Asker: 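Here it is, the structure, as structure tokens.
The shown structure was predicted, so the numbers you read here are calculated from the model rather than taken from an experiment.
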Amino acid sequence: MDSKSAIKEWFKNGCEYKAGIQLYSQIPHNKRLLKIFQSKNTPFTCQKLSYELTNFLNASNSSSTGVTDSLNNAKPNKVDIKTNISIKKPISFYPVELHNVYKKRISSYYDACTLKIQLNELQEELYEEALDLQLKIFKTWEINDKCFKILEHYENYKRVLPFETQKQYENLSPMSQVNERQRLYSRVTKRKKTLLNLESKYSVMPEGPLKNNLLTKINNKREELQELTLQIEKLSNTIETNER
């Protein structure tokens with residue numbers, strides 16, 4: 001099967017991330033972008049991978065330009081900036097340990113706006129610079145969304161989700177770091193399935209002490225999931241730093 005047919009099948013079969021990276025590596029590609037795809041699996045990288053493979057298909061169908069030229073010169077998709085930074089409660093509503101999260105939620109929005117303006121002002125041919133700005137914008141929105149999630153969780157349940165993990169991974173070998181991250185990915189998948197089952201039971205359970213106890217259990221699982229996610233985030237940053 002040629003690359004074009006394989007990519008079409010990839011889209012039909014659900015866009016499995018690792019398979020998509022393999023396909024991307026087999027067509028004319030940006031080596032730096034390939035390393036980014038290989039180092040992390042995030043909503044941004046999934047979207048970007050789909051965009052690059054779509055771009056290859058479109059270039060293959062065009063007689064006016066070559067595949068390599070199209071990949072090298074095409075500017076990445078523009079990044080939309082959210083317009084709502086409202087927070088329901090004043091900073092005084094939250095415990096002191098969440099005040100920095102509250103401030104970071106607001107500052108990250110304005111940081112993303114600044115980066116978006118810089119991206120819009122770039123010349124079309126500055127592909128690498130545009131990619132760098134896209135990654136910065138996405139990372140900024142990851143921070144913003146994490147802050148929102150933590151603040152909203154406190155509003156709803158009066159419980160504090162962690163913003164960062166205290167785990168340390170610098171002393172692990174590079175291979176051990178990768179293996180540990182894969183182990184954490186597996187734990188996250190299992191924890192999410194457990195949460196879905198518990199939340200499904202909670203939704204149909206009558207009000208009473210048993211339902212309250214189940215909610216406590218659900219929140220414990222949510223906090224454990226947050227900690228695992230933060231550990232993956234820290235490991236991914238450590239791995240990425242080592243590869244530079």
Side-chain angles (χ1 to χ4, degrees), residues 14 16-18 38-47 82 87-89 91 93-108 138-242:
E16 199 275 321
Y17 188 68
K18 288 185 178 179
Q38 292 170 333
S39 68
K40 59 183 69 178
N41 181 351
T42 68
F44 174 81
T45 56
C46 290
Q47 182 183 21
K82 302 171 185 177
I87 301 176
K88 297 177 184 177
K89 306 292 185 180
I91 193 171
F93 172 82
Y94 304 95
V96 173
E97 62 197 288
L98 289 182
H99 285 191
N100 282 337
V101 175
Y102 186 100
K103 295 172 186 176
K104 197 178 291 289
R105 159 90 169 133
I106 297 172
S107 64
S108 60
F138 181 77
K139 288 178 180 178
T140 303
W141 277 121
E142 279 189 323
I143 294 172
N144 185 274
D145 288 340
K146 183 163 69 171
C147 292
F148 180 83
K149 177 182 177 182
I150 291 171
L151 296 175
E152 186 177 50
H153 188 77
Y154 182 80
E155 287 179 22
N156 293 334
Y157 307 111
K158 297 299 183 291
R159 295 172 65 127
V160 176
L161 288 173
F163 183 80
E164 56 187 5
T165 182
Q166 301 303 312
K167 283 272 191 177
Q168 300 296 323
Y169 298 104
E170 289 77 4
N171 293 330
L172 292 179
S173 68
M175 182 57 68
S176 295
Q177 290 173 355
V178 172
N179 291 338
E180 176 65 11
R181 185 173 63 176
Q182 288 304 118
R183 187 182 70 83
L184 289 171
Y185 276 135
S186 177
R187 289 185 64 190
V188 164
T189 299
K190 292 176 182 177
R191 191 57 44 83
K192 285 181 177 179
K193 289 180 180 178
T194 300
L195 261 175
L196 284 174
N197 289 333
L198 292 176
E199 289 168 349
S200 178
K201 292 178 182 178
Y202 181 83
S203 66
V204 297
M205 185 175 287
E207 296 296 331
L210 290 178
K211 188 169 187 176
N212 293 336
N213 291 339
L214 182 57
L215 180 59
T216 298
K217 185 175 181 179
I218 288 172
N219 278 324
N220 288 338
K221 296 297 181 184
R222 286 171 177 163
E223 289 157 19
E224 290 169 7
L225 178 60
Q226 174 78 349
E227 173 62 24
L228 292 173
T229 302
L230 292 173
Q231 289 176 24
I232 290 173
E233 178 184 303
K234 190 167 188 176
L235 263 173
S236 296
N237 290 338
T238 303
I239 292 168
E240 185 178 351
T241 299
N242 291 339

Asker: With a 3.5 Å distance limit and no angle check, can you tell me whether Ser186 reaches the backbone of Gln182 through a side-chain donor-acceptor pair?
Answerer: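 Checking the backbone N and O of Gln182 against the side chain of Ser186, no donor-acceptor pair under 3.5 Å is found.
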Asker: Please give me the minimum heavy-atom distance between Tyr154 and Tyr94, naming the atom from each residue.
Answerer: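 Nearest heavy atoms, Tyr154 then Tyr94: CD2-CD2, 3.7 Å.
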Asker: Do you know the tightest heavy-atom contact between Leu225 and Leu195?
Answerer: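 So the minimum-distance heavy-atom pair works out to CD2-CD1, 3.7 Å.
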Asker: Which heavy atom of Lys211 sits nearest to which heavy atom of Met205, and what is that distance?
Answerer: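 Heavy atoms of Lys211 and Met205 come nearest at NZ-O, 3.2 Å.
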Asker: Pick one: which of Asn237, Val188, Thr165 meets side chain to side chain contact (heavy atoms under 4.5 Å, CB included) with Ile232?
Answerer: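 Among Asn237, Val188, Thr165, the one that satisfies the side chain to side chain contact (heavy atoms under 4.5 Å, CB included) with Ile232 is Val188.
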Asker: Near Asn171 CG, under 6.0 Å, is it more than 12 heavy atoms from other residues, nucleotides or ligands?
Answerer: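 Counting other residues, nucleotides and ligands, CG of Asn171 stays at 12 neighbours or fewer.
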Asker: Check the pair Asn219, Lys158 against side-chain contact (heavy atoms from CB on, under 4.5 Å), reporting the backbone distance first and the verdict last.
Answerer: CA-CA 11 Å; Asn219 278 324; Lys158 297 299 183 291; over 6 Å; no
Asker: Between the side chain of Lys104 and the main-chain N/O of Cys147, is any donor-acceptor distance below 3.5 Å?
Answerer: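 Pair absent, no side-chain N/O of Lys104 close to backbone of Cys147.
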Asker: Would you say Glu142 and Glu233 make side-chain contact, with heavy atoms under 4.5 Å?
Answerer: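 They are not in contact (no side-chain heavy atoms under 4.5 Å apart), so the answer is no.
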Asker: Atom CZ in Phe148, atom CG in Asn144: separation rounded to 0.5 Å?
Answerer: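 Nearest 0.5 Å value for the CZ-CG distance: 9.0 Å.
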Asker: Kindly indicate, with the supporting measurements, whether the criterion salt bridge (Lys or Arg N to Asp or Glu O under 4.0 Å) is fulfilled by Lys89 and Glu155.
Answerer: CA-CA 8 Å; Lys89 306 292 185 180; Glu155 287 179 22; over 6 Å; no
Asker: Give, for atom OG of Ser107 and atom CG of Asn100, the distance between the pair rounded to the nearest 0.5 Å.
Answerer: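 The CG atom of Asn100 is 9.5 Å from OG of Ser107, to the nearest 0.5 Å.
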Asker: Counting C-beta onward and ignoring hydrogens, is there a side-chain heavy-atom pair between Gln168 and Thr238 closer than 4.5 Å?
Answerer: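 The answer is no; the side chains never approach within 4.5 Å.
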Asker: Arg105 vs Glu152, test: salt bridge (Lys or Arg N to Asp or Glu O under 4.0 Å). Steps then yes/no.
Answerer: CA-CA 12 Å; Arg105 159 90 169 133; Glu152 186 177 50; over 6 Å; no
Asker: Is there a donor-acceptor contact under 3.5 Å from the side chain of Gln226 to the main chain of Pro162?
Answerer: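 Here the side-chain-to-backbone pair exists.
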Asker: Can you tell if the side chain of Arg191 reaches within under 4.5 Å of the side chain of Thr229, non-hydrogen atoms only?
Answerer: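 Arg191 vs Thr229: side chains apart.
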Asker: Verify side-chain contact (heavy atoms from CB on, under 4.5 Å) between Ile218 and Leu214, making sure each step is shown before the conclusion.
Answerer: CA-CA 6 Å; Ile218 288 172; Leu214 182 57; 4.1 Å; yes
Asker: Search all heavy atoms of Gln177 against all heavy atoms of Leu172 and return the closest pair with its distance.
Answerer: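 So the minimum-distance heavy-atom pair works out to NE2-O, 3.3 Å.
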Asker: Any chance you could measure Lys190, atom NZ, to Leu228, atom CG, to the nearest 0.5 Å?
Answerer: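 Separation between the atoms: 11.5 Å.
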Asker: Would you check if the side chain of Ser200 reaches a backbone N or O of Leu196 as a donor-acceptor pair within less than 3.5 Å?
Answerer: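 Pair absent, no side-chain N/O of Ser200 close to backbone of Leu196.
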Asker: Out of curiosity, Leu184 CG to Asn179 CG, how far, rounded to the nearest 0.5 Å?
Answerer: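 The distance works out to 11.0 Å.
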Asker: Indicate the atoms forming the closest heavy-atom contact of Leu215 with Tyr157, along with that distance.
Answerer: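 The answer is CD1-CE2, 3.9 Å.
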Asker: Answer yes or no: is there an ion pair linking Lys146 with Glu164, defined by an N-O contact shorter than 4.0 Å?
Answerer: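 No, no charged N to carboxylate O under 4.0 Å.
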Asker: Locate the shortest heavy-atom distance separating Pro95 from Val160; write the atom from each residue and the value.
Answerer: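 What the structure gives for the nearest pair is CG-CG2, 4.2 Å.
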Asker: Mind checking whether Arg181 and Tyr169 have side chains closer than 4.5 Å, heavy atoms only?
Answerer: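 Side-chain contact under 4.5 Å: no.
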Asker: For the residue pair Thr45 and Tyr17, establish whether any side-chain heavy-atom pair is separated by less than 4.5 Å.
Answerer: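 With C-beta onward as the side chain, the pair touches.
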Asker: To the nearest 0.5 Å, what is the distance between CE (Met175) and CD1 (Ile239)?
Answerer: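 Between atom CE of Met175 and atom CD1 of Ile239 there are 10.0 Å.
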Asker: Could you check if a side-chain atom of Leu230 sits within less than 4.5 angstrom of a side-chain atom of Lys167, using non-hydrogen atoms only?
Answerer: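 A side-chain contact under 4.5 Å is absent here.
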Asker: More than 12 heavy atoms of other residues, nucleotides or ligands under 6.0 Å from NZ of Lys234: yes or no?
Answerer: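 Yes, enclosed.
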